[in-house]
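Owing to the predicted nature of the structure, the values given are computational and were not obtained by experimental measurement.
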Amino acid sequence: MLIDFFFTLKDARIPVTIKEFLTLLEAMEKSVIAPSMDDFYYLSRLTLVKDEANFDKFDRAFAQYFKGVQAAFEGNKAIPLDWLLKRMERELTDEQRSQLEKFGYDKLMDRLNELLKEQKERHEGGSKWIGTGGTSPFGNGGTNPEGVRIGGSGRNRTAVKVWEQRSYRDYDAERELGTRNIKVALRRLRKFAREGLDEELALDATIRATASNAGYLDIKMQPERKNKIKVLMLLDVGGSMDDHIERTEELFSAARTEFKNMEFFYFHNCVYDYLWKNNRRRSSERFPTWDILRKYPPDTKLIFVGDATMSPYEILQPGGSIEYNNEEAGAEWLARFCNAFPKFVWLNPEPEASWHYRQSISVILQIMNNRMFPLTIEGLERAMRLLSK
């Protein structure tokens, strides 16, 4: 029954071998795990995946193959717990939502500090305490125009801070589906320059010279051609960007192919004092933003990729980051990048028609001198023309 699972992993471009597959079967034959889907997941990942960079591909392939294996009511007609928890979430009318008060960033943080000292027990519903399913700006599962999400998962995307350690996944650089048109658009930026001695075979010229020489080989050489464009790509990851993973991966994969001199780093929502290259190790392997600003020459082409959708505090307020207390506002760091690399653009996967409805996008548009383009083929072509001037 697992042969098709093996081929599903191969189709997902996970370098799994027959030997590893046989190891998995042997482990199951010896009953090293309990008859549990969770145990099987960890065992199969342990035996079949050699590189943690392929964990995300494995998760997608596993979910695709085993989707529906465990029915929601398998032998048990009990109501799922998450259905019961949803019952506690208050559904408000538009009029009730409009009456909810915004504290403002500083007042919000002060009020949270007060509640942390006063509150001694769990709270559900209501408008004051840290809890679930109410209109308080603190907790999760409720409704408030801006607040601090503590525990649980995001629902309305109005949090200005998130009190938890969140994990993101790296964008897949090997994704090929749908990247052909993106590659064509990116090629507008490529500029080749000849350098060095005669060290590259001129194949077309060699064929013509050999044919003209009655078939006797006449080798022609030419100076090597190299793409001299240097690209620095900064990618927003996690949160609302999860809605745009597919298109962002297509762009990332195409850019890695087209630009041989390309470096990339990740950020979340807005750039601050550090960036990272591996989302699994983003807490332990950080790159100071000042080092990045100083490392790359001014003629580097800078490309931001993100939906620019966040609380305006995250851009304009020191300490406004949704994850930690940044000493300087994100706007300061954005301005530094724009000054360090005069050739810059921002690619936004959100539909261009929706930009003027979001305050944070308007703020970043102003900082970026309106150099924001939609993540479409037409938008890419416009962005590449601007960068190539």
Working to the nearest 0.5 Å, report the span between [atom1] of [X] and [atom2] of [Y].
{"X": "Leu375", "Y": "Thr248", "atom1": "CG", "atom2": "OG1", "value": "6.0 Å"}
{"X": "Cys270", "Y": "Leu316", "atom1": "SG", "atom2": "CG", "value": "9.0 Å"}
{"X": "Asp273", "Y": "Arg286", "atom1": "CG", "atom2": "CZ", "value": "8.5 Å"}
{"X": "Tyr313", "Y": "Ser360", "atom1": "OH", "atom2": "OG", "value": "13.0 Å"}
{"X": "Thr206", "Y": "Asn213", "atom1": "OG1", "atom2": "CG", "value": "12.0 Å"}
{"X": "Ile14", "Y": "Leu9", "atom1": "CD1", "atom2": "CG", "value": "5.0 Å"}

Are Val32 and Leu48 connected into the same hydrophobic cluster when the rule is that any two of I, L, V, M, F, W, Y join if their side-chain heavy atoms are below 4.5 Å apart? yes
Starting from Phe40, can I reach Tyr42 by hopping between I/L/V/M/F/W/Y residues whose side chains sit under 4.5 Å apart? yes
[X] side chain to [Y] main-chain N or O, any donor-acceptor pair under 3.5 Å?
{"X": "Asp307", "Y": "Asn348", "value": "no"}
{"X": "Trp355", "Y": "Glu350", "value": "yes"}
{"X": "Thr8", "Y": "Asp4", "value": "yes"}
{"X": "Asn339", "Y": "Ala335", "value": "yes"}
{"X": "Asp39", "Y": "Ile33", "value": "no"}
{"X": "Thr210", "Y": "Asp218", "value": "yes"}

Taking the side chain as everything from C-beta on, heavy atoms only, tell me whether [X] gets closer than 4.5 Å to [Y].
{"X": "Glu352", "Y": "Met372", "answer": "no"}
{"X": "Met28", "Y": "Leu43", "answer": "yes"}
{"X": "Leu251", "Y": "Leu380", "answer": "yes"}
{"X": "Ile303", "Y": "Met384", "answer": "yes"}
{"X": "Met241", "Y": "His268", "answer": "no"}
{"X": "Phe7", "Y": "Ile3", "answer": "yes"}
{"X": "Phe265", "Y": "Val271", "answer": "no"}
{"X": "Lys301", "Y": "Ser388", "answer": "no"}

For a quick check under 3.5 Å, do Glu285 and Asn278 share a side-chain donor-acceptor pair by atom type? no
List the residues meeting side-chain contact (heavy atoms from CB on, under 4.5 Å) with Pro297, not counting sequence neighbours, and say none if there are none.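 Here the qualifying residues are Lys230, Asp299, Thr300.
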Is it true that Tyr266 and Phe287 have ring centroids separated by less than 6.0 Å?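 Not under 6.0 Å, so no.
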Between Phe264 and Phe252, is the ring centre distance below 6.0 Å?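 Close enough - the centres of the two rings lie under 6.0 Å apart.
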Applying the salt bridge (charged side-chain N to carboxylate O under 4.0 Å, His left out) criterion to Glu20, which one of Arg45, Lys50, Lys10 satisfies it?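 Only match with Glu20 under salt bridge (charged side-chain N to carboxylate O under 4.0 Å, His left out): Lys50.
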Please identify which of these residues, Phe55, Tyr65, Phe5, Phe62, meets the ring pair (Phe, Tyr, Trp, His ring centres under 6.0 Å) condition with Tyr41. Phe62
Minimum heavy-atom separation for [X] and [Y], please, with both atom names.
{"X": "Ala255", "Y": "Met262", "answer": "CB-SD, 3.6 Å"}
{"X": "Ala308", "Y": "Ile364", "answer": "CB-CD1, 3.7 Å"}
{"X": "Leu293", "Y": "Ala340", "answer": "CD2-CB, 3.9 Å"}
{"X": "Arg280", "Y": "Asp56", "answer": "NH2-OD1, 3.5 Å"}

Pair listing, ring pair (Phe, Tyr, Trp, His ring centres under 6.0 Å) test, anchored in residues 369-389, at least two apart: none
Over 12 foreign heavy atoms within 6.0 Å of CD1, Ile219: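 No, CD1 of Ile219 has 12 or fewer neighbouring heavy atoms, counting only those of other groups under 6.0 Å.
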Which class fits the ring pair Phe341 and Tyr296: parallel under 30°, tilted 30 to 60°, perpendicular over 60°? tilted
Classify the angle between the aromatic ring planes of Phe267 and Trp346 as parallel (below 30°), tilted (30 to 60°) or perpendicular (above 60°). perpendicular
